[in-house]
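These notes are about the structure you will find just below.
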Amino acid sequence: MTSKADASGTPPCVAPTTVFVAPGGDDAAAGTERDPLATVCGARDAVRRLRAQGVAGPVDVIVQRGVYHLAEPLVLGPQDSGTAAGPTTYRAAPGGDAVLSGGVPVTGWRRCDDGLWAAPVSVALDFRLLRVVEKWATRARYPDFDPTDPYTGGWLFADADDPVPAPGKPTRRVGYRAGDIRLADLTGAEIHIFIAWGWVNAIVPLAGIDPDQRRLLFAAEGASQDVRAGNRYFIENVREALDVPGEWFLDKARSEVLHIPNVPGFPDVPAVAAKLDCLIRCEGDPDAGLFVEHVRFIGFHFTDTTYTVTDQYYTPQDACIHLTGARHCAVTDCEFSWLGGYALKLSDGSEQCVFAGNHLHHLGQGGVIMVGTTRDQAHHCTVAANRMEHLGLIYKHVAGVYITSGCDHLVAHNRITDVPRYGISFKSQGEDRLSHRNVIEFNEIRRCNLETNDTGAIECLGYEKRD
């Protein structure tokens with residue numbers, strides 16, 4: 001750790017104390033440029049010690065070029081706050097590519113028959129996303145993904161309406177057309193299906209097949225809305241469907257992943273299984289008046305988070321960075337790619353936070369989501385000058401900026417393209433989830449509503465109180 005000091009040894013307020021992190025470092029090290037720490041969690045602990053020792057000025061954590069596979073999310077609490085005059089900044093080193101990954105490298109590949117490669121994985125590693133080089137491989141699916149027709153190709157269609165379930169009761173099955181299903185083993189399979197009106201998609205584990213009735217049977221809790229004739233779907237994670245280059249399958253019984261590569265140089269290329277669903281959490285306690293304050297993240301590349309299978313189809317909300325009870329925090333000039341969820345989630349009274357100048361691409365959900373009730377929603381935050389593209393690769397009811405509940409936000413000068421549903425959505429959904437005084441201005445939105453019904457480039461859902 002280094003700092004500039006005057007003759008009296010007192011650091012001037014404009015000279016930050018600096019903590020260094022680098023590949024090959026050691027979290028027991030001094031944290032200097034020559035003796036760096038190894039992880040951002042180790043740096044957080046070092047900053048805590050500095051603050052406890054009375055360092056009130058700016059503290060910069062400089063993360064050198066390299067890939068850092070996080071074993072756990074970086075969690076910051078009120079004790080990790082800076083101040084307006086002395087913020088805490090986590091910053092990628094100038095000119096470097098500091099990558100924070102929530103994945104586990106998959107190594108030890110061996111060649112099998114018929115173009116297959118296999119690699120061992122931990123019994124505890126259960127994953128749905130595998131990045132090979134700089135894109136996701138396709139989880140073995142039926143029918144095959146059609147890269148020449150990515151939006152309308154590669155689907156099956158439900159055969160007939162199933163009865164609409166009673167309120168609170170799940171849908172347990174989907175009918176299939178004669179000749180559509182030619183799979184013998186659906187162990188571990190999941191169905192990705194647009195349900196009801198086609199506004200949202202669901203991911204539902206399959207329990208089996210009833211060939212006499214031509215029904216696929218849903219496992220667990222089923223789907224929370226009905227399935228209608230013509231609803232489109234495909235089946236994923238099927239060993240029999242591992243048949244084209246670019247696909248992979250996790251064989252849990254044998255603790256190995258199988259893959260048919262389609263990239264040059266395999267297996268001497270990165271292959272990473274997404275493990276964590278979040279990389280950074282700032283967790284304050286607004287009810288107690290305790291916020292995470294004046295913490296900034298600048299210049300990082302975030303990648304390799306997974307997603308949650310949820311029945312909350314209208315608000316899937318996994319996020320790489322979650323600001324809960326945060327105030328005066330900022331995320332700027334970062335890249336977010338190949339993440340299972342959103343880039344940023346704001347909740348629990350987060351206020352006056354800034355998300356600006358970032359590049360978001362190839363995300364499983366949307367860009368920025370704000371959630372909560374009228375009492376505890378985020379407010380007075382800014383989402384500006386970001387570039388967002390190719391969103392909603394997994395869940396489709398998403399937006400570049402989605403305010404499910406929130407007030408006094410500014411969404412400006414963003415470029416949002418290639419999204420399955422909304423570009424921007426603001427909603428009021430009852431007295432307990434109101435949204436007021438939000439400003440949308442000077443945004444460029446192109447190629448939205450690519451995969452859903454009933455949508456808009458900019459959607460605002462109002463609420464009228466009636467006696």
Side-chain angles (χ1 to χ4, degrees), residues 1-68 70-100 279-285 290-302 321-323 325-334 350 352-358:
M1 305 171 196
T2 61
S3 64
K4 297 179 181 179
D6 60 23
S8 68
T10 302
C13 63
V14 295
T17 299
T18 309
V19 177
F20 288 90
V21 178
D26 186 336
D27 280 349
T32 63
E33 189 168 12
R34 290 190 176 185
D35 195 13
L37 304 173
T39 69
V40 289
C41 290
R44 171 205 58 201
D45 297 341
V47 174
R48 284 180 181 174
R49 291 191 293 269
L50 288 168
R51 296 299 191 195
Q53 293 165 8
V55 175
V59 176
D60 277 7
V61 174
I62 305 297
V63 181
Q64 302 287 8
R65 178 186 180 92
V67 179
Y68 301 83
L70 275 62
E72 60 185 9
L74 172 66
V75 179
L76 304 178
Q79 70 272 36
D80 299 302
S81 296
T83 64
T88 298
T89 304
Y90 291 77
R91 178 193 310 273
D97 187 13
V99 180
L100 301 186
L279 297 186
I280 296 173
R281 288 202 303 269
C282 293
E283 298 180 344
D285 185 357
L290 300 173
F291 288 82
V292 181
E293 300 187 78
H294 299 288
V295 178
R296 306 180 299 184
F297 300 93
I298 302 174
F300 289 101
H301 181 183
F302 299 99
I321 299 177
H322 185 185
L323 300 183
R327 188 162 59 186
H328 301 294
C329 292
V331 180
T332 59
D333 299 322
C334 293
S350 291
Q352 300 181 74
C353 294
V354 174
F355 186 82
N358 302 291

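- To the nearest 0.5 Å, the span separating CG on Asp333 from CZ on Phe300 amounts to 12.0 Å.
- Using a distance-only test at 3.5 Å, with no hydrogens or angles considered, no donor-acceptor pair links the side chain of Asp27 to the main chain of Leu37.
- Between Pro73 and Leu279 there is no side-chain heavy-atom pair separated by less than 4.5 Å.
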Inset, instruction - Check the pair Asp80 / Arg44 against salt bridge (charged side-chain N to carboxylate O under 4.0 Å, His left out), numbers first and verdict last. - result: CA-CA 7 Å; Asp80 299 302; Arg44 171 205 58 201; 5.3 Å; no
Enumerate, atom names and distances included, each donor-acceptor pair closer than 3.5 Å involving a side-chain atom of residues 53-62, sequence neighbours excluded.
none

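- Of all heavy-atom pairs between Gly325 and Ser350, the closest is N-OG, 3.2 Å.
- Atoms CZ and OH, on Arg296 and Tyr90 in that order, are 12.5 Å from each other to the nearest 0.5 Å.
- For the residue pair Ala92 and Ala98, the shortest heavy atom distance occurs at CB-CB, 3.8 Å.
- In this structure, Thr88 contributes its side chain and Val295 its backbone to no donor-acceptor pair below 3.5 Å.
- Residue Ile280 holds its CD1 atom at 9.0 Å from CG of Leu323, rounded to the nearest 0.5 Å.
- Here the closest heavy-atom approach between residue Pro23 and residue Gly66 is recorded as CG-CA, 3.9 Å.
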Inset, instruction - Carefully, step by step, assess Leu50 and Val19 under the rule side-chain contact (heavy atoms from CB on, under 4.5 Å). - result: CA-CA 10 Å; Leu50 288 168; Val19 177; 3.9 Å; yes
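- Remark: His294 NE2 to Gln352 CD distance equals 8.5 Å, nearest 0.5 Å.
- A donor-acceptor pair is defined here as one N or O able to donate and one able to accept, closer than 3.5 Å; no such pair exists between the side chain of Asp45 and the backbone of Ala43.
- Here the closest heavy-atom approach between residue Phe20 and residue Gln64 is recorded as CD2-NE2, 3.7 Å.
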Inset, instruction - Could you walk me through whether Glu293 and Cys329 pass the side-chain contact (heavy atoms from CB on, under 4.5 Å) test, one step at a time? - result: CA-CA 6 Å; Glu293 300 187 78; Cys329 292; 5.6 Å; no
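- Atom-to-atom distance recorded for His322:NE2 and Glu283:CD is 8.0 Å, nearest 0.5 angstrom.
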Legend entry - Chi angles and distances behind the side-chain contact (heavy atoms from CB on, under 4.5 Å) call for Val21, Thr39: CA-CA 6 Å; Val21 178; Thr39 69; 5.6 Å; no
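- When the salt bridge (charged side-chain N to carboxylate O under 4.0 Å, His left out) test is applied to Arg51, no partner is found at least two apart in sequence or on another chain.
- Heavy-atom minimum distance, Val292 versus Pro78: CG2-N, 3.8 Å.
- Between atom CZ of residue Phe297 and atom SG of residue Cys334 there is a gap of 9.0 Å, rounded to the nearest 0.5 Å.
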